[in-house]
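Notes to accompany the following structure.
Model, not experiment: these values are computed from the prediction. Each chain gets a letter, A, B and so on, in the order its sequence line appears, and its residues count up from 1.
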Amino acid sequence: MEKTFQPQQIEDHWYKLWEERGYFSPQGEGAPYCIVIPPPNVTGRLHMGHGFQHAIMDALIRFHRMQGRQALWQVGTDHAGIATQMVVERQLAAAGTNRHEVGREAFVDKVWDWKEESGGIITQQLRRMGSSLDWSRERFTMDEQLSAVVEKVFVDLYNEGLIYRGNRLVNWDPQLHTAISDLEVISEEEDGHLWHFNYPIADSDQHLTIATTRPETMLGDAAVAVHPEDERYTHLIGKFVDLPLCNRRIPIIADDYVDPEFGTGCVKITPAHDFNDYEMGKRHNLEVINILTDNASINDEAPATYRGLDRFEARKQLVADLEALGLVEKIEPHKLKVPRGDRSGVVIEPYLTHQWYVAIQSLADPAIKAVEDGDIEFVPKNWENTYFAWMRNIQDWCISRQLWWGHRIPAWYDEDNNVYVGHSEVDVRAKHEIDDSVVLRQDEDVLDTWFSSALWTFSTLGWPDDTEYFNKFHPTDVLVTGFDIIFFWVARMIMMTLKFTGEIPFKKVYITGLVRDEHGQKMSKSKGNILDPIDLIDGIELDELVEKRTADMMQPQLKEKIARLTRDSFPEGIAAYGTDALRFTYYSLASTGRDIKFDVGRTEGFRNFCNKIWNAARYAMMNSEGKAIATDWDPAQFSSADRWILSRLEQTTSEVLEAVDNYRFDLASQALHEFIWNEYCDWYLELSKPILWDEDNNPEAAQATRKVLLTVLERSLRLLHPFMPFLTEEIWQKLAPALGIVGDSIMLQPYPEFDADNVDAAAQSEIDWLKGIIVAIRNIRGEMDISPARSISVFLRGGEEQDQNYLQSNLMYLQKLAKLENIEWLSAESEAPAAATGLYGNVEVLVPLAGLIDVSAEQARLEKEIGKLEAGLKAVSGKLNNEKFVSNAPEAVVTKERQKQQELQAAADALKAKFEELSKL
RNA sequence: AGGCGCGUAGCUCAGUUGGUUAGAGCGCUACCUUGACAUGGUAGAGGUCACCAGUUCGAAUCUGGUCGUGCCUACCA
């Protein structure tokens, strides 16, 4: 074995072998266990969020697979309508053309080409994470079979009246030329203005002052509204104003939507370009005047001077023209929420179009109930509030998009625009008896990407035709995802799955936190703080990292700043830490209900942990190869250390099982780290040395210890495997034969179970004693500056018979681990030499001074120790002197405090006596 | 405006139903290249658990409030 762990040499090898041998497919006869992958964009790249979620899903899958479940991790990718189409459109733009020139069919072909070309990247990256996904069942949302499900769902919902076509205001993206849903609109506060304009009151010399944040929409004004009880304006209700620049006369209406406190209390009403105005327009039968084109420039409804102007150009022009007419009362700075498309970043327009909608209420009700009744549980539970809040106020879902990449809507129109919905044109003609002489054209639009994603759990498992996997694995066990897509995806899956299969899609929803950078900042291209999981696995040179982070940056000053920041954060670039170390970092940070700040320092620490395990294995192997190992499991031959480590392993097993049960991967990883490093390596390996090196005198003991050494390691590897798949496999393959274990892979071995009978309290208390004495001696060595190379003599005094027995049975350990010349028990009566003193319980540990240390240093050390004891004593005594505590606290608590008081008192007294003795010298 | 979190060592975080002298890792200090590992070992320093009040014999933990901070939802033109 190499002296250090070299992850890159083993990872590809094992992953390929696992995949080739079909280990990722469900096996055996155990109860099914299933997770579906949140499908990544087929042309996307792996990011830290994926890395985190995959680490968790893979741990769950491997854990349950080892527990004997038929584990299926269903894999697949998403066509990601807008995102993918935008990429290809950008490619066209770079080539000096666009999709309209290319034409629909050729464009869609190009997108498929791009999918083929780049689609393998993300799936290769998922493999690098060690994810045990069942690649033999890989799906894509636009596969034939999945598309058929999409079509069926659409047609069925339509036939039930739950999908309808409506002409109403939608969120329109004027750059992408498509409608988007409410969820795809991001509103953030921006600086703007509040313009106050004077609208002349008809047939008078008076005017009304209205306030608006969007002057250009005045071209579509249909009324001015005031509050019905606003005394300033009641006399004007029913009268008219002359809309400046437009030569139109519009009414003054009353509506209690108007807030008299805001602005002037007069609102211009533009039904075609504002959601609230649209509703008010319906209430008052106002004309809906659309003044914008698809590009959000001014259309022909407006006066000629403004036609063709971009909306923001028109705004400037209008303000200037009103200014010239003396109709601008004032302009105030004003903060307002500006709606922007989450993909394009441009300002979204409420825009009147024909779109397809899902009538959502009847789907939402059972979906709410499923969570209320606990059929579906969120982890952590508080996300259920978020879910309920949105679901109880849900709006109909706009599902049509004016894109070319996606599932085309299965609706056809005749020349009179009558709509026919069906599985195909042939189907539609047959159903509606439409003659071939009638020309039908299919709806141009495609469905929102999330429409097909909503069907993911059951469409990927073969519903409705091929039901073997569906029947076995659905409902799935747990969905692992981020809070940001609870509405986009989780809620819609619950609704659609209940509607069509009558089953919940999953029993649990584990919501992960967001992965942020080490300072808690969101990772983003513009901040230049993105970490690529693959770079943490393979490492990356500083220059390359800087190049990567600053590529395609528009602003040069941003580029410089990011380069500087990157050089500060990673002066040496990033080392190759390997997948296991990266995964373990995720687990260690995965406490529930909290975002995680990703600190590369942690990854380095866990890389070291991998190396520690590697070397522990080297030690175990070096000490076993070619040597006799006990064949029987004979506890009578076990040393106290053997029994202790077995007992601690048992407890660790219990902790890990419980932690995984509760989705507490942080606690699981902590328990494993603590056990393997601080107990197995730091203590057990050291305790095994005296026995293994004393083989000539006691071969049975050495053989038994060898057995335990290997057994504990082997079982630890199995405990650890779901978290560190590669390292554990590599070592296990070398180790298993030494123990006579036959098996092809650790991933097919059983997961350790907890057996309370294997907890050995006696062994634990004995080794605790041993550790306590050794630590007391080392402490004196350390603080008194006694060279580690120097052997010393130690006396023990006080204590009970048990302590003396422990000394006798642990002499060899003490001599080796504390580097002792000699250690013996002093009877209580005998005179102690001048010595430095430590305590373990009521055992005094005496290191004779002669020639080793100076008295004042020891006194200073004692004073410090006494100080600590007295602080504790003060706290305990305070409690016990409080009569209310003694009379009210439970008996057990009081007894415990009393005992503690005695121990502290005895210890303090003993050290004080030592201090006095030293003073006499 | 409502809702959900968070605030514990220099940094990143644990702390289960209120009861240990509040823990871990990283970082820091000192010593040590001892026959698994310097990606290591041994020892050590470091916290009035954001603040205030309350409940209780007892609060990092429960309640109320204040401050700071992050996010989500709905918005007034």
Using the C1' atom on both, measure B:rA36 against B:rG40 and round to a whole Å. 10 Å
Specify the separation, in whole Å, of atom CG of A:L514 and atom P of B:rU69. 20 Å
To the nearest angstrom, the OH-P distance between A:Y587 and B:rA14 comes to 18 Å
Please measure how far the C1' atom in B:rU63 lies from the corresponding atom in B:rG23, and state the result in whole Å. 27 Å
Mind checking salt bridge (Lys or Arg N to Asp or Glu O under 4.0 Å) for A:K689 and listing every partner two or more places apart, or none if nothing turns up? A:E686
For RNA chain B, please output the secondary structure as dot-bracket, reading 5' to 3'. Pairs are Watson-Crick or G-U wobble, both atom distances under 3.5 Å; mark crossing pairs with [ ], other-strand partners with |, unpaired with a dot. (((((((..((((.....[...)))).(((((.......))))).....(((((..]....))))))))))))....
Write down the distance separating the C1' atoms in B:rG5 and B:rG41, rounded off to the nearest Å. 41 Å
Quick one, give me the B/S/- string for nucleotides 70-77 of chain B, reading 5' to 3', where B means a protein heavy atom under 4.0 Å from the base and S means that only happens at the primed atoms, P, OP1 or OP2. S--SBBBB
Could you check how far CZ of A:R664 sits from P of B:rC13, rounded to whole Å? 14 Å
Salt-bridge contact A:E897-A:K879 (side-chain N to carboxylate O under 4.0 Å): yes
Among residues at least two apart in sequence or on other chains, which ones pass salt bridge (Lys or Arg N to Asp or Glu O under 4.0 Å) with A:R781? none
Are the side chain of A:E329 and the backbone of A:N198 linked by a donor-acceptor contact shorter than 3.5 Å? no
Pairs meeting criterion salt bridge (Lys or Arg N to Asp or Glu O under 4.0 Å) with involvement of residues 257-276 of chain A, two or more places apart: A:D221-A:K268
When the P atoms of B:rG64 and B:rG10 are compared, how many Å lie between them, rounded to an integer? 30 Å
Say you pick atom C1' in B:rG3 and the same atom in B:rA77; how far apart are they, in whole Å? 26 Å
Would you measure the distance from the P atom in B:rA9 across to the matching atom in B:rA22 and give it in whole Å? 14 Å
Pairwise P distance for B:rG7 and B:rC13, with rounding to whole Å: 10 Å
Nucleotide-resolved protein contact map, nucleotides 20-36 of chain B, B/S/- at heavy-atom distance under 4.0 Å: SB-------------BB
Counting just side-chain N and O atoms, does A:N888 come under 4.0 Å of either OP1 or OP2 of B:rC57? yes
So, does A:N529 use its side chain to make a donor-acceptor pair with the main chain of A:K522 at under 3.5 Å? yes
Under 4.0 Å, heavy atoms only, any strand: does A:S187 hit a base, just the sugar-phosphate, or nothing? nothing
Is A:R861 touching bases, backbone alone, or none of the nucleic acid, heavy atoms closer than 4.0 Å? nothing
Got a sec, which residues hit side-chain contact (heavy atoms from CB on, under 4.5 Å) with A:R778, two or more places apart in sequence or on another chain? A:W683, A:I774, A:L817
Taking only residues two or more places apart in sequence or in another chain, which ones pass ring-ring contact (aromatic ring centres under 6.0 Å, His included) with A:Y233? none
Pairwise 5' ranking along RNA chain B for A:I596 and A:N882, keeping only the more 5' one: A:I596
Value in whole Å for how far the P atom of B:rA43 lies from CZ of A:R781: 12 Å
The criterion is side-chain contact (heavy atoms from CB on, under 4.5 Å); which residues satisfy it with A:K864, sequence neighbours excluded? A:E783
For the side chain of A:D694 and the backbone of A:P690, is there at least one donor-acceptor N/O pair under 3.5 Å apart? no
What residues form a side-chain contact (heavy atoms from CB on, under 4.5 Å) with A:S669, not counting sequence neighbours? A:F584, A:Y587, A:S588
Rounded to whole Å, the CG-P distance (A:N611 to B:rG41) equals 10 Å
What pairs with A:R898 under salt bridge (Lys or Arg N to Asp or Glu O under 4.0 Å), at least two apart in sequence or on another chain? none
Send over the distance from A:E2 CD to B:rU39 C1', rounded to a whole Å. 14 Å
Integer-rounded Å distance: B:rU12 P and A:L531 CG: 15 Å
Whole-Å distance separating the OH atom of A:Y387 from the C1' atom of B:rG5: 21 Å
Would you say A:T4 reaches B:rC37's phosphate, i.e. side-chain N/O to OP1/OP2 under 4.0 Å? no
Could you work out the separation of B:rC62 and B:rC76 based on their P atoms and round it to a whole Å? 38 Å
Partner set under side-chain contact (heavy atoms from CB on, under 4.5 Å) for A:R283, not counting sequence neighbours: A:D255, A:Y257, A:E279, A:M280
